[in-house]
Amino acid sequence: MLRDEACGNITSDDAGREVTLAGWVRRIRNLGGINFIDLWDRTGTVQIKFDPEVSAEVVKTAEKLHIEYVIQVKGRVQKRPKEAINPKVKTGEIEVSAEELRILAECKPLPFMIEDEDATEEMRLKYRYLDLRRPTMQRNIILRHRAIKAIRDYLDEVGFVEVETPILMKSTPEGARDYLVPSRIHKGKFYALPQSPQMYKQLLMIAGYERYFQIARCFRDEDLRADRQPEFTQLDIEMSFVNERDIMTLSEGLMGYVFEDTLDIKLNIPFERITYNEAIARYGTDKPDMRYGLELIDVTDIIANGSADFIRKMKDEGAGFIAITHHRDKNPSRKELDEYERTAKDCGAGGLMQFYISPEGVKGALTRFYTDEQLKQLVEKTGSNDGDLIQIAGGEMPKILEVMGKYRSKLAQKMCLVDKSCEFKFVWITDFPLFELDEEGNITSTHHPFTSPVEEHIEMLETEPLSVVARSYDLVCNGYELGTGSIRISDSDLQRGILKLVGLSDEQIEDRFGFFLKALDYGCPPHGGIALGLDRIIMLMAGEESIRDVIAFPKTLRAVSLMSDEPSEVDEEQLKELGLIVMRDEDEE
Ligand code: ASP
């Protein structure tokens, strides 16, 4: 080894010891003719002193040093004089007096300073290897490593087997678009990169592995929305002979272990469980942030009976009215009320009806459209007290719930209700509808077509498919969906029926899923599983706001790498081998 000690591990106990260190020059200072540098390696930094009284030759070499040069230093650990002690740094009580110095590599002037937290993301992604040297990125990537290790340790302990599934698989488009890989040997045929190992993990249950997991890379060719990546990592889990509760309990134990092992944080287990319908009614979303209250309250039965023309009209159109209530210390000013209304409109509301509860009674521009009795009911139903402001928006159900859900989170931000000090509020959302309508009004699976309906709804599949409840569950934390899973269909006839219901022809079913349906007929145990979004979990653990900050080499929102410049064109020769001709968009030429 070119070194026998790590920079960050030296303490005052080492005083007097001879050490050989290697690392990067992070900072350079000259104090009264003596040069000091901070030498950095992954473990931390240590101060190196180049003293002409120790070695004039070393000082001469040290004068050639620039930021981020890679050097090897041999020297003696010394306690710093009292006035030079830096209690903020782990190695702040000591320094190493250099006796030998070798420059191992030079470094060009940097595009941004390593410790500059304000470098633009474009520069950071272009010079990712420099960005990854930054303390926060080092912390994030190492946290990721430790979390993955904790996952493996825990799952191994409780009897899981890690199995790798193919990266080149069959294209079975549903949900997102597949990334396709052309076959050279079978011209005109394609592999697809997995959107998730869904069918493989189920096949592993049929194969008798009982408890499978994989840190699985998944690929989805989506139009990238905020904070998505074309490739991302899932912790993929599948278990045999289980029901929903078993998978949820296993996941809770796992998350509890990982958070405690890597962050020393004890989670509140079991996590709260609410149904999809309840989540929508109380929070207007299936990914509620449970760190604050501000629950939605349906006040249609009171508010729709107001005497104003616009309310009557809305009532005739079947509108619902949803309230949110929060405390104000004093009578809100006109300006404040207008601001609230603007925020609500930004969230999609047509307007905001506002009632303030003062000791003299309910105040507000719209009180004249309601009787005292109705206002009393409103106060009671919303559980409001003196000093509370009741805000109500009306509109088509369930859309207006979604609007008020958005308003709820905006309001929480505005009121600084979100405790950023790393509180993790997990919640399970259960009993999703099995199907939903896509933009064209066709039936699609809410999760994926392998999700089992609840037993007692199977007979409603043909008649009332949109009312069928799925045996599925999502794990949500602080407003982020962290994972999704379900008990699977293990009967080939039912599976075929569901694939038909989502619009596949017999031929398509046979072609895409024939092998899988066949496998279901060879002794398929009841089974279910979950996939947890690892990037997002690490992002939350690291207190970051973008998954790009916890992925070593991410792509941009436009799915390109700014560092290595993919996707890129390929040689004609390569295309020819694959039997491909590229059609270019006219406007590209
Ligand atoms: N494979 C599913 C997904 O990626 C998750 C699951 O049901 O296990 O969304």
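Ligands are counted one by one from 1 in listed order, and the atoms in each one are counted from 1 as well.
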Looking at ligand 1, is there an atom of it that comes within less than 4.0 Å of some heavy atom belonging to [X]?
X: Arg488; value: yes
X: Arg220; value: yes
X: Lys201; value: yes

If you measure from each non-hydrogen atom of Ala531 to ligand 1, which part falls under 4.0 Å: side chain, backbone, both or neither?
both
Any idea which part of Glu238 is under 4.0 Å from ligand 1, heavy-atom wise: side chain, backbone, both or neither?
neither
Modelled atom types, side-chain donor and acceptor of Arg488 and Ser490, under 3.5 Å
no
Taking atom types as modelled, is there a side-chain donor on Ser505 or Glu507 under 3.5 Å from an acceptor on the other?
no
Atoms of ligand 1 close to [X] [distance to a heavy atom under 4.0 angstrom, numbered from 1]:
X: Gln234; value: 3 (C), 4 (O)
X: Gly485; value: 7 (O)
X: Thr484; value: 5 (C), 6 (C), 7 (O), 8 (O), 9 (O)

Is the distance between the ring centroids of Phe160 and Tyr154 under 6.0 Å?
no
Using the rule given for side-chain hydrogen bond (donor to acceptor under 3.5 Å, both in side chains), can you reason through Ser467 versus His457, listing the C-alpha separation, both sets of side-chain angles and the distance that settles it, and then say yes or no?
CA-CA 8 Å; Ser467 309; His457 286 186; over 6 Å; no
